[in-house]
Amino acid sequence: MFNKEIYINRRKRLRAHLGEGVVILLSNNEAPMNYPSNTYRYRQDSSFNYFFGLQLPGLVGVIDLDEGKDMLFGDDYTIDDIIWMGNQPTITELGEMCGISHVQNIDAFTAYMENACAKVRKIHFLPPYRADSQLLLSKLTNMSVYDVNANASVELIKAVIALRNCKQPEEITEIDAVCNTGVKMHLAAIHHCKAGKIERELAGMIEGIALSEGNGISFPVILSQNGETLHNNNHEQILENGRLLLVDAGAESVSGYSSDYTRTFPVSGKFTTKQREIYEIVLKANMDSIAMAKPGLRYFDVHLNATTVIADGLTKLGLMKGNPVDAAKEGAHALFMPHGLGHMLGLDVHDMEGLGENYVGYDEQTKRSTIFGHASLRCGRELQPGFVVTVEPGIYFIPQLIDQWEKEKKFTNYINYNKVREYIGFGGIRIEDDILITQNGCRVLGKALPKTVADIENLMKQ
Ligand code: GLY
């Protein structure tokens with residue numbers, strides 16, 4: 001964790017965004033896999049981590065806005081716990097680590113909440129995404145469990161997002177480092193890719209790298225020759241020469257920060273002409289987006305430019321026709337790229353998605369498009385220095401979507417379905433980097449991960 005001044009300052013800045021009442025931030029509990037004491041790898045709640053830095057279950061952080069007091073509640077471990085888990089810090093020691101002197105046990109927290117409810121004080125909490133937190137909030141606030149999420153504090157959500165969206169120098173150092181782990185994972189996948197292996201062998205190997213350098217993967221590894229399925233977590237195919245392998249994977253650091261990269265490469269080590277032509281279009285969309293991203297520009301406009309590059313490239317290859325600018329604007333490109341250009345990245349791989357994507361990636365000035373494809377853009381708002389976003393254009397040939405659009409005669413003015421049919425079985429290509437918005441432009445985070453056709457082919461020769 002960072003030094004305690006960082007957390008003291010973050011809580012102070014949060015208070016400055018809020019009016020009256022009490023802020024409650026719950027730590028995540030252990031989550032059982034198949035019986036209570038056999039748990040998944042522990043994952044702290046990202047907002048609790050941001051404001052308190054402690055990566056342990058059973059804690060509650062409270063920021064009393066009216067009394068100007070930060071509190072930490074949690075029970076000390078008993079000798080029975082210590083026999084199994086080793087010595088553990090006391091709640092007093094945990095409080096010291098994050099700069100809090102008001103520490104008490106969980107019974108005291110229950111009493112504190114009863115008192116706050118009796119006085120009808122405003123209770124601010126974030127929308128819970130785990131059932132146990134939802135049940136606890138229901139009990140503490142005397143609210144039906146079904147009403148809890150709808151009663152999450154929009155004021156708190158907006159305040160947390162205002163802070164977490166703009167990464168501070170100490171966070172950028174962490175993200176740079178975890179990006180380097182991501183780079184290692186992808187280099188290993190490229191080096192070890194060989195016909196005859198099972199996708200699972202590569203997926204397991206790169207997950208091991210993430211675990212050896214931090215908390216493990218930042219989301220389940222996407223690694224498949226069927227790259228046209230956007231989130232393909234099935235790793236059971238045998239690698240075959242002639243096919244492309246799409247790998248979308250990232251790591252999470254010990255402090256909880258994420259990286260997220262995608263590379264697509266030929267199993268044989270050499271792109272076919274057809275693969276290279278499509279690859280070069282996606283690469284141009286990726287590189288033009290990075291060249292363009294800067295403060296003051298809406299990420300929607302960077303996305304729109306990337307989709308225009310894709311429509312333009314596909315028009316030159318004869319898969320699309322007409323004016324590519326209009327085609328992309330109207331959403332015809334979405335047959336090939338049904339997702340958005342990118343998302344915020346931080347303590348969550350889709351940063352703060354649990355607080356509401358529209359609050360994170362959109363604002364009063366920029367509302368989400370309703371056009372298929374553009375509507376999937378997770379972050380469209382004006383970029384600010386300190387934002388960390390992914391840049392991940394792609395081209396996919398999804399047989400079911402092609403069938404459906406052709407049947408519906410969708411965008412026949414922009415799409416040459418006969419030509420598109422020649423690409424069924426091609427798979428998909430995505431190229432993804434993580435960027436930091438700086439004062440004048442942007443910087444690609446982490447060490448350079450090769451992405452030109454020549455670089456990839458050279459790397460695979462070694
Ligand atoms: N890299 C996975 C995702 O952005 O959804």
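These numbers come from a predicted model, not from an experiment.
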Original post:
Is the backbone of F372 close enough, under 3.5 Å, to the side chain of S376 for a donor and an acceptor to pair up by distance?
Top reply: no
Original post:
Any sub-3.5 Å donor-acceptor pair from S138's side-chain atoms to Q134's backbone N or O?
Top reply: no
Original post:
Is there side-chain contact between H124 and L65, with heavy atoms separated by less than 4.5 Å?
Top reply: yes
**OP:** Check for a donor-acceptor pair, side chain of K167 on one end and backbone N or O of L345 on the other, with a separation under 3.5 Å.
**Re:** yes
Original post:
Is a donor on one side and an acceptor on the other found under 3.5 Å between the side chain of R430 and the backbone of L246?
Top reply: no
Subject >> F271 backbone acceptor or donor facing E457 side chain under 3.5 Å >> reply: yes
**OP:** May I have the step-by-step check of side-chain contact (heavy atoms from CB on, under 4.5 Å) for L72 and D70, ending in yes or no?
**Re:** CA-CA 7 Å; L72 183 69; D70 297 346; over 6 Å; no
Original post:
How many angstroms lie between CG in D348 and OG in S46, if you round to the nearest 0.5 Å?
Top reply: 3.5 Å
Original post:
Do other residues, nucleotides or ligands put more than 12 heavy atoms under 6.0 Å from K12 NZ?
Top reply: no
Check: residues 218-231 side-chain donor-acceptor pairs under 3.5 Å, at least two apart:
{"from": "S218", "atom 1": "OG", "to": "G250", "atom 2": "O", "distance (Å)": "3.3"}
{"from": "S218", "atom 1": "OG", "to": "S259", "atom 2": "O", "distance (Å)": "2.9"}
{"from": "S224", "atom 1": "OG", "to": "N226", "atom 2": "N", "distance (Å)": "2.7"}
{"from": "S224", "atom 1": "OG", "to": "N232", "atom 2": "ND2", "distance (Å)": "3.1"}
{"from": "Q225", "atom 1": "OE1", "to": "E240", "atom 2": "N", "distance (Å)": "2.8"}
{"from": "Q225", "atom 1": "NE2", "to": "I238", "atom 2": "O", "distance (Å)": "2.9"}
{"from": "N226", "atom 1": "OD1", "to": "Q237", "atom 2": "NE2", "distance (Å)": "2.7"}
{"from": "N226", "atom 1": "ND2", "to": "E228", "atom 2": "OE2", "distance (Å)": "3.2"}

Original post:
Between Y129 and N28, is any side-chain donor less than 3.5 angstrom from a side-chain acceptor?
Top reply: yes
Original post:
Roughly how far, to the nearest 0.5 Å, is CD of Q365 from CG of D363?
Top reply: 4.5 Å
**OP:** For the residue pair F426 and F397, categorise the inter-ring angle as parallel (less than 30°), tilted (30 to 60°) or perpendicular (more than 60°).
**Re:** perpendicular
Subject >> Side-chain donor or acceptor of R263 paired with backbone N/O of L449 under 3.5 Å >> reply: yes
**OP:** Answer yes or no: is there a donor N or O on one side and an acceptor on the other, between the side chain of E30 and the main chain of Y42, under 3.5 Å?
**Re:** no
**OP:** Could you verify whether a donor N or O on one side chain and an acceptor N or O on the other, from R41 and N215, lie under 3.5 Å apart?
**Re:** no
**OP:** Drop me the distance from I100's CD1 to F51's CZ, to the nearest 0.5 angstrom.
**Re:** 11.5 Å
Original post:
So, does Y257 use its side chain to make a donor-acceptor pair with the main chain of D176 at under 3.5 Å?
Top reply: no
**OP:** Could you verify whether a donor N or O on one side chain and an acceptor N or O on the other, from D248 and T262, lie under 3.5 Å apart?
**Re:** yes
**OP:** For the pair R368 (side chain) and A375 (backbone), establish whether a donor and an acceptor sit closer than 3.5 Å, ignoring hydrogens and angles.
**Re:** yes
**OP:** To the nearest 0.5 angstrom, please state how far the NE2 atom of H350 sits from the OG1 atom of T390.
**Re:** 7.0 Å
**OP:** Quick one: pull up CG in N87 and CG in D81 and give me the separation to the nearest 0.5 Å.
**Re:** 11.0 Å
Original post:
Is the shortest distance from a Lys or Arg side-chain nitrogen in K451 or D433 to a carboxylate oxygen in the other one below 4.0 Å?
Top reply: yes
Original post:
Do D64 and H102 have a side chain donor and acceptor closer than 3.5 Å?
Top reply: no
**OP:** Check whether any side-chain N or O of S258 sits under 3.5 Å from a backbone N or O of E252 as a donor-acceptor pair, and report yes or no.
**Re:** no
**OP:** For L54 and M1, run side-chain contact (heavy atoms from CB on, under 4.5 Å): C-alpha distance rounded to whole Å, both residues' side-chain angles, the deciding distance at 0.1 Å, then the answer.
**Re:** CA-CA 7 Å; L54 304 166; M1 66 188 282; 4.0 Å; yes
Subject >> Nearest atoms (heavy-atom pairs only) where G428 meets L244 >> reply: O-CD1, 4.5 Å
**OP:** Quick one: closest heavy-atom pair of L14 and I63, and the distance?
**Re:** CD2-CD1, 3.7 Å
Subject >> All pairs passing side-chain hydrogen bond (donor to acceptor under 3.5 Å, both in side chains) where residues 295-305 contributes a residue, at least two apart >> reply: R298-D301, H303-H374
Subject >> Exceeds 12 heavy-atom contacts within 6.0 angstrom, atom CD of E5 >> reply: yes
Original post:
More than 12 heavy atoms of other residues, nucleotides or ligands under 6.0 Å from NZ of K447: is that the case?
Top reply: no
Subject >> Residue from C442, P295, C166 passing side-chain contact (heavy atoms from CB on, under 4.5 Å) with F387 >> reply: C166
Original post:
Got a second to check how far Q88's CD is from D76's CG, nearest 0.5 Å?
Top reply: 10.5 Å
